[in-house]
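Report on one structure; see the data block that follows.
What's counted below: heavy atoms across the whole structure, side chains too, no hydrogens, waters or symmetry copies.
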Amino acid sequence: MCEVRMSDIHFSYNNNVAIDNISLTISQGDFVAVVGPNGAGKSTMLKIMAGLIKPTRGQVMIGGKDMATAKGHGLIGYVPQNYGKNAMGFPATVKEVVALGLTLGSAAAKKNRQAAKHITSHMMELVGLEQLQDRRIGELSGGQQQRVMVAMALAANPELLLLDEPTSGIDYEASNRIYELLGTLNKNLGITIIMVSHDIEKAVSYANKVACINRKLCFFGTSQEFDATHAQVRHLWYYTG
């Protein structure tokens, strides 16, 4: 079970507090939208969950395991923000990029070329890009690149998928396809999803939980509770801290 438990998380960049005293528990199978103003620490919190940076204070447990163990077991998939900015000159094809995700997957898949090929093919089919598998990543639209990144993260068969602004910089239709894909992954495969987003209304319509942060946690609850207190929550995130 991939429960995420953050206990008293604090992080500072050069003595500038990014997040302070955040504690929350995200249950297996939750789809959590993380919202808040610019500079609130949303991406920092996601990077801590992904094990990319260590908190100044506090502890993160993923599926009952400490961060190092959870990463080593391939429990976490991470999709960074604005991948497309770095993809234009990248010479790899879609299937080659997706296959990179297997480096965090099972030892069997790494050693068995046939298994690796099957997993890569299945991931491309899952995100609807099997027809573009031989195209170079830099030739794709922003929305297609984001789906490639989701497929790469899924190739390791994670139980937790972390996404930082997955619809940033892409058009309305591509954004809808990303949300629909994430909703399907969450409902049909039971993957726990934590997604940072500025598109509050759309994100909340797909998520079942919402976490609002402005350095501190100013709201954590169901989407319905968030809808009922939206105005108060927006006021809180501008004055928390």
Side-chain angles (χ1 to χ4, degrees), residues 31 33-34 43 46-47 50 52 71 74-199 202-203 205-207:
F31 187 154
V34 181
S43 294
L46 208 69
K47 288 176 181 177
L52 299 177
K71 286 183 68 177
L75 294 183
I76 307 165
Y78 174 69
V79 179
Q81 186 177 158
N82 292 329
Y83 172 80
K85 290 183 178 180
N86 301 314
M88 297 308 294
F90 197 49
T93 64
V94 168
K95 64 183 177 185
E96 288 170 340
V97 173
V98 174
L100 290 174
L102 291 170
T103 60
L104 296 176
S106 68
K110 295 174 191 175
K111 295 178 180 179
N112 188 321
R113 292 185 63 186
Q114 191 61 33
K117 183 177 179 181
H118 173 75
I119 292 170
T120 301
S121 178
H122 179 61
M123 292 305 108
M124 288 186 294
E125 182 179 355
L126 192 64
V127 302
L129 291 177
E130 64 273 24
Q131 300 300 320
L132 300 177
Q133 62 178 305
D134 294 318
R135 293 276 295 276
R136 292 194 174 189
I137 183 75
E139 297 172 354
L140 304 186
S141 68
Q144 290 169 335
Q145 288 176 356
Q146 284 295 79
R147 282 188 279 158
V148 171
M149 292 302 292
V150 171
M152 184 177 75
L154 292 174
N157 194 30
E159 296 182 23
L160 171 66
L161 183 60
L162 307 171
L163 305 104
D164 194 356
E165 295 284 358
T167 61
S168 177
I170 63 178
D171 62 40
Y172 180 80
E173 290 186 6
S175 173
N176 282 341
R177 284 194 290 270
I178 292 291
Y179 280 116
E180 288 168 5
L181 169 62
L182 296 178
T184 298
L185 294 173
N186 176 249
K187 292 176 182 178
N188 294 356
L189 300 183
I191 296 175
T192 304
I193 294 176
I194 303 174
M195 175 185 65
V196 169
S197 179
H198 280 101
D199 188 355
K202 182 62 69 66
S205 71
Y206 280 88

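Separation of atoms CE (Met149) and CG (Leu100) is listed at 9.0 Å; rounding is to 0.5 Å. Put simply, CG on Asn157 and CD1 on Ile119 are 7.5 Å apart, with the number rounded to the nearest 0.5 Å. Taken to the nearest 0.5 Å, the CG atom of Leu52 stands 8.5 Å off from the CG atom of Leu46. Here Gln81 contributes atom CD and Thr167 contributes atom OG1; the two are 10.0 Å apart, rounded to the nearest 0.5 Å.
In this structure, Ala92 and Val97 approach most closely via the heavy-atom pair CB-CG2, 3.8 Å. Taking all atoms of both residues into account, the shortest heavy-atom contact from Pro158 to Gly77 is CB-N, 3.5 Å. Across Ala156 and Gly101, no two heavy atoms sit closer than the pair CB-O, 3.5 Å. When all heavy atoms are compared, the tightest approach of Met124 to Val98 is CG-CG2, 4.0 Å. Taking every heavy atom of both residues into account, Ala155 and Met123 meet most closely at CA-CG, 3.8 Å. Nearest heavy atoms, Phe31 versus Ala207: O-CB, 3.1 Å.
Two residues are said to be in side-chain contact when any heavy atoms from C-beta on lie closer than 4.5 Å; Thr93 and Gln133 fail this criterion. By the 4.5 Å heavy-atom criterion applied to side chains, Leu161 and Leu182 are counted as neighbours. Side-chain contact check for Leu163 versus Val150: some heavy-atom pair is nearer than 4.5 Å. With a 4.5 Å cut-off on side-chain heavy atoms, Ile137 and Gln145 count as touching.
Scanning for side-chain hydrogen bond (donor to acceptor under 3.5 Å, both in side chains) contacts around Ser121 gives an empty result, with sequence neighbours left out. The salt bridge (Lys or Arg N to Asp or Glu O under 4.0 Å) test applied to Lys47 returns no partner, not counting sequence neighbours. The side-chain hydrogen bond (donor to acceptor under 3.5 Å, both in side chains) check on Gln144 picks up Ser141, with sequence neighbours excluded.
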Which pairs of donor and acceptor atoms, one on a side chain in residues 170-180, lie under 3.5 Å apart (sequence neighbours left out)?
{"from": "Asp171", "atom 1": "OD1", "to": "Glu173", "atom 2": "N", "distance (Å)": "3.3"}
{"from": "Asp171", "atom 1": "OD1", "to": "Ala174", "atom 2": "N", "distance (Å)": "2.7"}
{"from": "Asn176", "atom 1": "OD1", "to": "Lys202", "atom 2": "NZ", "distance (Å)": "2.4"}
{"from": "Tyr179", "atom 1": "OH", "to": "Ser197", "atom 2": "OG", "distance (Å)": "3.2"}

Distance-only donor-acceptor hits, side chain of residues 185-196, under 3.5 Å, sequence neighbours excluded:
{"from": "Asn186", "atom 1": "ND2", "to": "Gly29", "atom 2": "O", "distance (Å)": "3.0"}
{"from": "Asn186", "atom 1": "ND2", "to": "Ile191", "atom 2": "O", "distance (Å)": "3.0"}
{"from": "Thr192", "atom 1": "OG1", "to": "Gly29", "atom 2": "N", "distance (Å)": "2.9"}

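At least one donor-acceptor pair under 3.5 Å links the side chain of Gln146 to the backbone N or O of Pro166.
The stretch residues 122-152 participates, sequence neighbours left out, in no ring pair (Phe, Tyr, Trp, His ring centres under 6.0 Å) pair at all.
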